[in-house]
Participant: 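Quick one: the structure is below, questions incoming.
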Amino acid sequence: MADNARAKRLADLIREVVAQKLQRGIKDPRLGTHVTITDTRVTGDLREATVFYTVYGDDEERQAAAAGLESAKGILRSEVGKAAGVKFTPTLAFVMDALPDTAKNIEDLLDKARQSDAKVREASAGARYAGDADPYRKPGEDDDAADEADGTDDTAK
């Protein structure tokens with residue numbers, strides 16, 4: 001079993017080789033310049049590599065890019081094998097990265113929270129306290145006035 005540092009170095013190498021080959025070596029029009037390699041992970045035994053990618057475009061372009069990556073998988077694996085110089089070249093699996101969609105979802109939720117905060121701010125703009133501005137008793141205030149207010153008499157004790 002390989003150490004994690006070696007797996008990380010191999011993952012970085014795979015990410016660079018695949019990105020360069022997609023940019024310069026693959027002539028598939030489905031891939032074009034819309035595909036970006038975001039991350040690569042290699043298993044501990046260095047046998048399998050998962051390559052995460054994003055596609056800028058609509059769903060049709062995403063499906064076309066996924067098909068293009070599947071068809072170019074063999075070429076990309078052979079290029080990784082040449083560059084890595086390892087005994088066994090890892091198999092490549094391409095997975096659409098969910099990070100951009102997750103980030104968009106978080107931004108939408110933050111916008112909704114900002115709008116809700118603005119509505120609360122507008123509603124409280126002319127509001128006043130229900131009681132006094134400072135509802136707490138202060139030392140030195142007249143205790144008899146406070147006793148009359150709550151209906152107790154401390155002198156009877």
Side-chain angles (χ1 to χ4, degrees), residues 1-139 141:
M1 181 157 216
D3 60 316
N4 287 338
R6 185 172 179 201
K8 177 70 174 140
R9 284 193 313 266
L10 183 60
D12 290 342
L13 178 72
I14 291 171
R15 186 181 68 240
E16 290 174 14
V17 168
V18 169
Q20 287 176 358
K21 191 67 176 171
L22 286 176
Q23 188 177 22
R24 295 189 192 115
I26 305 286
K27 302 294 184 207
D28 194 340
R30 297 176 289 186
L31 298 175
T33 59
H34 302 299
V35 178
T36 303
I37 304 300
T38 57
D39 193 19
T40 306
R41 295 189 185 146
V42 177
T43 57
D45 60 357
L46 306 178
R47 295 281 180 158
E48 298 174 8
T50 305
V51 179
F52 294 93
Y53 68 96
T54 58
V55 178
Y56 297 107
D58 58 0
D59 288 335
E60 185 177 312
E61 290 176 353
R62 290 178 184 164
Q63 290 174 354
L69 286 171
E70 282 299 315
S71 70
K73 188 183 287 189
I75 296 168
L76 294 172
R77 184 174 180 216
S78 66
E79 288 296 320
V80 167
K82 289 177 190 174
V86 293
K87 182 177 182 180
F88 182 82
T89 303
T91 59
L92 301 178
F94 292 96
V95 176
M96 176 70 85
D97 197 355
L99 185 67
D101 295 333
T102 304
K104 184 180 180 322
N105 187 23
I106 290 172
E107 281 298 320
D108 291 343
L109 291 173
L110 287 173
D111 286 340
K112 185 186 281 187
R114 284 186 201 105
Q115 291 172 358
S116 175
D117 287 348
K119 287 180 185 177
V120 168
R121 208 174 301 114
E122 288 175 12
S124 66
R128 295 183 10 219
Y129 291 106
D132 293 332
D134 188 9
Y136 300 105
R137 287 190 217 164
K138 295 187 176 39
E141 285 185 356

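From a predicted model like this one, the values you see are computed outputs, not experimental measurements.
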Participant: Can you sort out the partners of Asp97 under side-chain hydrogen bond (donor to acceptor under 3.5 Å, both in side chains), two or more places apart, ordered by chain and number?
Facilitator: Thr38

Participant: If you take all heavy atoms of Ile14 and Ala49, which pair is closest and at what distance?
Facilitator: CD1-CB, 3.8 Å

Participant: For Glu122, is there an ion pair with Lys119 - N to carboxylate O distance below 4.0 angstrom?
Facilitator: no

Participant: Any ion pair linking Asp117 and Arg121 (charged N to carboxylate O, less than 4.0 Å)?
Facilitator: no

Participant: Looking at Thr89, is its backbone amide N or carbonyl O close enough to the side chain of Arg77 to form a donor-acceptor pair, meaning the two atoms are under 3.5 Å apart?
Facilitator: yes

Participant: Do Val80 and Val18 have side-chain heavy atoms sitting under 4.5 Å apart?
Facilitator: yes

Participant: If you round to the nearest 0.5 Å, how far is CG of Leu76 from NZ of Lys21?
Facilitator: 8.0 Å

Participant: For the OG1 atom of Thr36 and the CZ atom of Phe52, what is their distance to the nearest 0.5 Å?
Facilitator: 15.0 Å

Participant: Hey, does the side chain of Arg47 reach the backbone of Thr91 with a donor-acceptor pair shorter than 3.5 angstrom?
Facilitator: no

Participant: Measure across Leu10 and Ala84 and return the closest heavy-atom pair with its distance rounded to 0.1 Å.
Facilitator: CD1-CB, 3.8 Å

Participant: Atom CG in Leu22, atom OH in Tyr53: separation rounded to 0.5 Å?
Facilitator: 10.5 Å

Participant: Considering only NZ, NE, NH1 and NH2 on the basic side and carboxylate oxygens on the acidic side, decide whether Asp12 and Arg9 come within less than 4.0 Å.
Facilitator: no

Participant: Of all residues at least two apart in sequence or in a different chain, which pass the side-chain hydrogen bond (donor to acceptor under 3.5 Å, both in side chains) check with Asp58?
Facilitator: none

Participant: What pairs meet the salt bridge (Lys or Arg N to Asp or Glu O under 4.0 Å) rule with one or both residues in residues 66-75, with sequence neighbours excluded?
Facilitator: Glu70-Lys73

Participant: Check Asp108 with Lys112, please: is the shortest side-chain N to carboxylate O separation under 4.0 Å?
Facilitator: no

